Number of protein chains: 2
Amino acid sequence: MRPRKQHRTPTLEDVARVAGVSRATVSRVVNGVATVDAALRLKVMAAVDTTGYRPNNAARQLAGRKAGSIALVISGSDGSAEQVFGDPFFGRVTGGVVKHLRTKGIHPTLVLADSESARGEAVDYVRRGNADGALLVSTHADDTLPGLFVDAGLPAVLFARPALHAPISYVDLAHEVGAALAADRLVARGCRRVATIAGPIDVPAAQDRLSGFRQAMARHGEPYAAVAYGNFTLESGELAMADLLARTPDLDGVFAANDLMAAGALRALRDAGRAVPADVAVIGFDDSAPASTSTPRLTTVAQPLEEMAAEMSRLLLDQITHAGTEPVCKIFDPHLVLRDSA
Amino acid sequence: MRPRKQHRTPTLEDVARVAGVSRATVSRVVNGVATVDAALRLKVMAAVDTTGYRPNNAARQLAGRKAGSIALVISGSDGSAEQVFGDPFFGRVTGGVVKHLRTKGIHPTLVLADSESARGEAVDYVRRGNADGALLVSTHADDTLPGLFVDAGLPAVLFARPALHAPISYVDLAHEVGAALAADRLVARGCRRVATIAGPIDVPAAQDRLSGFRQAMARHGEPYAAVAYGNFTLESGELAMADLLARTPDLDGVFAANDLMAAGALRALRDAGRAVPADVAVIGFDDSAPASTSTPRLTTVAQPLEEMAAEMSRLLLDQITHAGTEPVCKIFDPHLVLRDSA
DNA sequence: TTGAAAGCGCTAACAC
DNA sequence: GTGTTAGCGCTTTCAA
């Protein structure tokens, strides 16, 4: 005696019985295979409804087709996990991914790859068929993970262009455009002595923001704006600002490559007795939390992270269904958020 | 002809062949069933090593045992997703979960439940066997989700005590203790007129922080500290502070129920020309990003979120392996992080 | 204690 | 176009 048969969740078999067809036909309908008689298809769809049938992912996976899930891999240098997760950037990207994927009825599996061996395992995880593909979010641009996925021939899409060129799809921001937005705004408000606090030179995004800023300033007839480097932390921004102030005392505008450094700049400026934006205008990048909690609140360049994340998911899904397509990259435009600092 | 047989990932069958035993025996060894001859067990383990065998989750799941994965469900009111994910709180909890689970070789699946129907689907997801249990992180305390899991008899553990009492395990912070830490600090620095900015009364954590603060102040002989309410946003903190200042002009210390409201208080205080901490000392709660980016930097009460998240995962895993155990709750102690505001 | 064998729910040849 | 059938890798009675 099989107990509680009626409490079982309905299977393909059940639907087939109700519709009066074979399992195969139901499978075809459920998977949208074209070669099915219209009348039968309707009957099957009705049966699916009445039974409340939902495909069993494990069975699908085992039968050798799709896993019905994708991996969201967070990669980074050893032990950088704490830092990654504490950054709202990660949360916003994750949110965008989850939200988009949910409309397709799929839930991402979170895989942490914060060591070389963990990266290998992440690839294995997907290779084993636990996921149909991977969304890769790296903290460091020179990450080895994208390469591993490319080599394994597994569907994968990156958030942000990899430092090492690889044939892989990615979404990214038009960083130069964002930097130009900032430069233009500074010049438009009448700043004549503009400097910038750049991020680490080995981070592509930081490079792009710097070069975008320089080019924009050159267009405004100021090709030699002062530059100080930071590492994206508040403290480094504070130091860089102090440095800039020492080198260019008459400076009246600053563009920082991220909000945290801009917040640090605000601190240094206050300590130096300069009013913001009256004496010095400041613009940040990212529109992250510090931008709205700092005093004054930061004018900043915002990234459509959620949209980018959704697009990243879309690209991956496409790549999974249409195997063997060429890598694609989608670049998004940032916009300026005007607040009180510039 | 079966192609590329050698590139297949090893199965139980392969291990069995190498070890010279049956699949059943290998299965027993792999699953730690006691009734296996010691010698055979060793042989099997060796075979597992040489073949590099790893169990296939889909097959396990299909065969009716464990899914080998757990769901991390983010619940909240309709459309609150954006907000949730942008908050580093979520990221830190997620990080703690992922990090702990990884040591057990399992990866959480992220499930968003930001509507009543989505909550139903989240329960279904687990009921269908896609996950062995769920970790529930709610934005609102009166969430229906915990109840749904309890009713379905599915293993689940909550982050934070639910407003509606339910027989379910959870981890939480000793909020009263944290509030007392703040009160004590304020009194110890010599504040004589202390007020508090409380959070929404329907949030258990906010209630606890308020009552903990009041009790501590009562112990110091000040049972009637002024209270203003906010909703955890910076703006609400600013408003509440202005209100407090109007009602209690000679106030010299403030405890805000979270850092964002404390940052707002800082703003109001600056506008009112009060120096912090010289005129008015301020203490926040959470040790979140604004605490270290504000000026002055906030002295605040810190929660060991990652530890709490790890413990939450541990409780769930326990509950999964030892079915039918009583709900457990683990309360963690906060600590004071001294910075510049008090 | 160990092995043989029956599925778990589904997909994909292959035959009709 | 549709049905039949052979697995996918694993767990788990049931015998031995």
Side-chain angles (χ1 to χ4, degrees), chain A residues 1-5 7-45 47-48 51-69 127-130 132 321, chain B residues 1-5 7-44 47-48 51-69 127-130 132:
Chain A
M1 145 191 139
R2 282 190 250 162
R4 303 191 300 120
K5 173 129 191 165
H7 281 180
R8 260 182 343 115
T9 95
T11 72
L12 217 50
E13 180 88 48
D14 299 320
V15 179
R17 198 177 319 112
V18 171
V21 300
S22 74
R23 291 206 310 272
T25 300
V26 179
S27 175
R28 288 186 188 107
V29 172
V30 169
N31 291 296
V33 174
T35 65
V36 176
D37 182 82
L40 272 197
R41 148 168 285 117
L42 248 45
K43 244 204 269 201
V44 170
M45 287 182 353
V48 165
T51 55
Y53 170 76
R54 296 272 258 113
N56 177 319
N57 274 330
R60 273 198 184 177
Q61 198 171 327
L62 190 55
R65 264 178 78 68
K66 56 185 166 203
S69 91
R127 204 199 328 253
R128 282 214 167 66
N130 291 302
D132 297 318
T321 51
Chain B
M1 145 190 142
R2 284 189 250 162
R4 302 191 301 121
K5 173 128 189 165
H7 280 181
R8 261 179 346 113
T9 94
T11 73
L12 217 50
E13 180 88 48
D14 300 320
V15 179
R17 197 177 318 110
V18 171
V21 299
S22 73
R23 294 206 307 273
T25 300
V26 178
S27 176
R28 290 186 187 107
V29 172
V30 169
N31 291 296
V33 174
T35 65
V36 177
D37 183 82
L40 271 196
R41 147 167 287 115
L42 250 45
K43 242 203 270 200
V44 170
V48 165
T51 54
Y53 169 77
R54 298 270 262 116
N56 176 320
N57 274 329
R60 280 240 253 242
Q61 197 170 328
L62 190 56
R65 263 177 77 67
K66 57 185 167 201
S69 89
R127 205 200 325 257
R128 280 211 169 67
N130 291 301
D132 297 317

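The structure presented is a predicted model; accordingly, all values stated were derived computationally and were not measured. Chain letters run A, B, ... following the sequence lines, proteins first, then strands; residues in each count from 1.
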[X] [atom1] - [N] [atom2] separation (whole Å):
X: Leu62(B); N: dG7(C); atom1: CG; atom2: C1'; answer: 9 Å
X: Lys66(B); N: dG9(D); atom1: NZ; atom2: C1'; answer: 15 Å
X: Arg23(A); N: dC14(C); atom1: CZ; atom2: P; answer: 18 Å
X: Gln61(A); N: dG9(D); atom1: CD; atom2: P; answer: 12 Å
X: Asn57(B); N: dC8(C); atom1: CG; atom2: P; answer: 20 Å
X: Arg60(A); N: dC8(D); atom1: CZ; atom2: C1'; answer: 15 Å
X: Asn31(B); N: dG9(D); atom1: CG; atom2: P; answer: 17 Å
X: Asp37(B); N: dT2(C); atom1: CG; atom2: P; answer: 5 Å

Side chain of [X] - closest among [options]:
X: Asn56(B); options: dT2(C), dC10(D), dG9(C); result: dC10(D)
X: Thr35(B); options: dT1(C), dC10(D), dC10(C); result: dT1(C)
X: Ala24(B); options: dG9(D), dA12(C), dT12(D); result: dT12(D)

Among Val30(B), Asn31(B), Thr25(B), which one satisfies side-chain contact (heavy atoms from CB on, under 4.5 Å) with Ser27(B)?
-> Asn31(B)
Which part of the nucleic acid, if any, lies within reach of Val21(B) when heavy atoms closer than 4.0 Å are counted: base, sugar-phosphate only, or nothing?
-> sugar-phosphate
Given dT2(C), is OP1 or OP2 found less than 4.0 Å from the side-chain N or O atoms of Thr25(B)?
-> no
Does the side chain of Thr11(A) get closer than 4.0 angstrom to OP1 or OP2 of dG9(C) through an N or O atom?
-> no
Check: Arg54(A) side chain, dG9(C) base, donor-acceptor under 3.5 Å = no
Any donor-acceptor pair under 3.5 Å from Gln61(A) side chain to Gly129(A) backbone = yes
Sequence neighbours left out, what passes salt bridge (charged side-chain N to carboxylate O under 4.0 Å, His left out) with Arg54(B)? Give chain and number order.
-> none
With DNA chain C as reference, determine whether Leu12(A) or Arg28(A) sits nearer its 5' end, using the nearest nucleotide of each.
-> Leu12(A)
Nearest nucleotide by nearest heavy atom, which residue falls closer to the 5' end of DNA chain C, Leu40(B) or Ser27(A)?
-> Leu40(B)
Student check: side-chain heavy atoms of Asp14(B) and Tyr53(B) closer than 4.5 Å | no
Does any non-hydrogen side-chain atom of Arg128(A) lie less than 4.5 Å from one of Asn56(B)?
-> no
